[in-house]
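Numbered from 1 within each chain, the chains take letters A, B, ... in sequence-line order. Values reported hereafter were calculated over all heavy atoms of this structure, with side chains retained and with hydrogens, waters and symmetry mates removed.
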Amino acid sequence: MRPVEIAKGIYSVGVRDWNIRDFHGYATDQGTTYNAFLIVDEKIALIDTVKNKKQFTQQLIDNIATIIDPKKIDLVVSNHTEMDHSGGLPHIMHYIGENKPIYCSKMGKKNLAKHFSRSWNYHAVKNGEELSLGKKTLAFLETRMIHWPDSMFTLAKEDGVLFSSDGFGQHYAGYELFDDQVSEKIMYEAKKYFANILMLYAPRIKKLIKGVTDLGLEIKMICPDHGIIWRKNPAKIINAYNAWCDQTPIRKALVVYDTMWESTERMAEAIADGLIDENVITKLMHVRTCHRSDVITEMLDTRAVLMGSPTLNNQMFPTLMDNITYIKGLKPINKIAAAFGSYGWSGEAVKFINKEFEAMKFEIVDSGIRVQYVPTPDDLKKCFQLGVKVGKLVKES
Amino acid sequence: MDKYVCVLCGYVYDPEAGDPDEGIEPGTKFEDIPEDWCCPVCGAGKEDFEIEE
């Protein structure tokens with residue numbers, strides 16, 4: 001990615017990772033970017049680095065070198081300790097001078113020290129603290145647990161440019177750099193990012209957005225550490241975040257299942273027919289075909305969750321448990337749920353799924369349907385009726 | 001003495017253990033911890049703690 005001046009004296013100097021498809025278990029079908037920013041003022045500041053891979057850290061240095069001699073960087077701001085943003089620090093600090101200050105949050109100092117064994121010159125900043133670069137002022141805003149203890153935002157005050165770390169990001173590597181250059185598809189990537197990384201912190205994000213709004217800061221541009229920059233309409237992504245935080249469900253049902261000999265799949269399809277009959281937006285997701293990171297994205301605005309699993313060796317099918325573990329951690333809210341599944345001789349899966357629904361505080365609206373071996377036309381009728389029943393409840397709420 | 005859990009990161013403050021690294025002696029009730037103390041794991045303030053059920 002060649003550097004681009006995004007505001008007077010502020011440059012995007014990060015890198016694109018076109019081909020990454022598995023980002024710590026998140027399916028990144030569009031790749032991603034590791035954004036970093038250079039501010040050239042009386043003092044020169046680098047905001048964040050890139051992933052700890054030689055080709056990226058070298059590219060970061062090369063990008064900076066097209067603007068200034070990287071050795072002239074006076075300070076580094078680390079908004080977030082995760083390796084895709086701090087991984088370039090050893091290379092950068094070695095290049096610019098190990099004694100140059102690193103500005104980070106209090107938890108950032110703690111966490112960086114647990115990632116890197118070097119004794120760098122950390123400056124732990126307080127929430128709201130400011131740093132003058134000359135004509136420009138940086139203000140630091142703690143955003144603890146959005147999404148790590150160390151997370152913070154940095155605002156270039158005079159320019160109204162917010163460096164928002166992972167907030168408002170998207171895993172997307174394209175030729176575009178800004179929201180006004182990219183199609184509406186970017187909103188799906190932003191939503192997917194929110195669902196997979198931030199959903200569980202929704203109450204805090206809501207509070208943060210309100211807090212920032214109340215401060216009356218003028219934010220003209222939002223620069224996340226992944227994906228495109230919001231410059232034309234930063235309010236669009238802020239409004240979207242507000243809505244996603246609320247997790248207000250739409251008239252939608254999600255049927256998530258696995259199957260061994262297509263019996264549970266036939267049940268899933270019959271349930272879907274019932275839901276569709278009730279004019280509910282219906283989505284079927286076979287969990288060995290659809291990635292868990294796409295399942296959770298669909299989960300964000302769904303009202304009903306129907307989960308189907310065969311019983312294998314007295315257990316739920318393992319892929320369902322994979323999804324449940326992932327979903328449980330991200331804490332979706334406002335769901336009604338029901339389970340179903342085919343079995344050979346014992347049939348515990350439905351019972352186990354119901355237990356997980358309870359643990360996730362999903363409201364169980366039906367005790368579920370179990371079918372031995374292959375569903376009969378009568379069984380499929382019951383499945384259809386379950387779809388109708390859940391469909392009606394979706395419409396009521 | 002009640003244990004308190006940090007709603008942000010899940011850290012549990014156990015009064016019997018205290019938080020000696022931050023000068024909180026074992027046996028200190030959560031209520032008696034200074035107000036500027038914060039979660040040793042994620043930095044959350046006391047207001048982000050709830051009684052563990």
Side-chain angles (χ1 to χ4, degrees), chain A residues 78-82 86 103-115 122-129 140-153 165-167 197-208 210-211 245 325-326 328-331 333 358-361, chain B:
Chain A
S78 170
N79 278 327
H80 180 25
T81 307
E82 205 169 2
S86 73
Y103 287 79
C104 56
S105 66
K106 182 181 162 196
M107 295 309 292
K109 179 179 172 180
K110 242 181 177 178
N111 289 353
L112 284 167
K114 286 184 194 291
H115 279 69
Y122 294 114
H123 282 237
V125 295
K126 290 197 179 75
N127 189 32
E129 196 171 321
F140 304 106
L141 188 65
E142 274 195 321
T143 59
R144 279 187 302 225
M145 295 315 284
I146 307 172
H147 66 120
W148 272 26
D150 44 73
S151 299
M152 68 172 192
F153 290 176
S165 183
D166 279 339
I197 308 288
L198 300 168
M199 192 196 286
L200 72 162
Y201 303 116
R204 284 192 76 73
I205 295 169
K206 192 100 192 168
K207 235 163 107 182
L208 173 74
K210 193 177 176 304
C245 283
T325 303
Y326 194 62
K328 201 191 270 177
L330 288 161
K331 298 183 180 163
I333 55 168
E358 275 172 28
M360 293 188 284
K361 300 190 174 107
Chain B
M1 283 193 288
D2 289 321
K3 288 182 183 175
Y4 277 72
V5 60
C6 172
V7 295
L8 294 192
C9 73
Y11 163 82
V12 177
Y13 175 77
D14 178 357
E16 280 180 31
D19 181 12
D21 287 349
E22 294 293 327
I24 311 295
E25 294 295 322
T28 308
K29 276 197 246 172
F30 184 78
E31 295 78 359
D32 296 337
I33 301 174
E35 289 307 308
D36 61 353
W37 175 83
C38 55
C39 172
V41 176
C42 78
K46 275 185 81 177
E47 67 279 8
D48 287 317
F49 278 75
E50 285 174 358
I51 291 179
E52 193 182 41
E53 284 172 22

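Nearest heavy-atom pair across B/C9 and A/M145 is CB-CE, 4.0 Å. In terms of heavy-atom proximity, A/R204 sits nearest to B/L8 at CD-CD2, 3.0 Å. Of all heavy-atom pairs between B/C42 and A/P149, the closest is CA-CB, 3.4 Å.
Few gaps surround NZ on A/K110; more than 12 heavy atoms of other groups in view lie less than 6.0 Å from it. Annotation for B/K3: atom NZ does not count as buried by contact number, only 12 or fewer foreign heavy atoms lying within 6.0 Å. With a 6.0 Å radius and a threshold of 12 heavy atoms from other residues, nucleotides or ligands, B/E16 has its CD atom at or below the threshold.
In terms of non-hydrogen atom pairs under 4.5 Å with chain A, the most contact-rich of B/G43, B/C39, B/A44 is B/G43.
Under the 4.5 Å side-chain criterion, counting only non-hydrogen atoms from C-beta, B/C38 is not in contact with A/M107.
Rounding to the nearest 0.5 angstrom, the gap separating the CZ atom in A/R144 from the CG atom in B/D48 is 7.0 Å.
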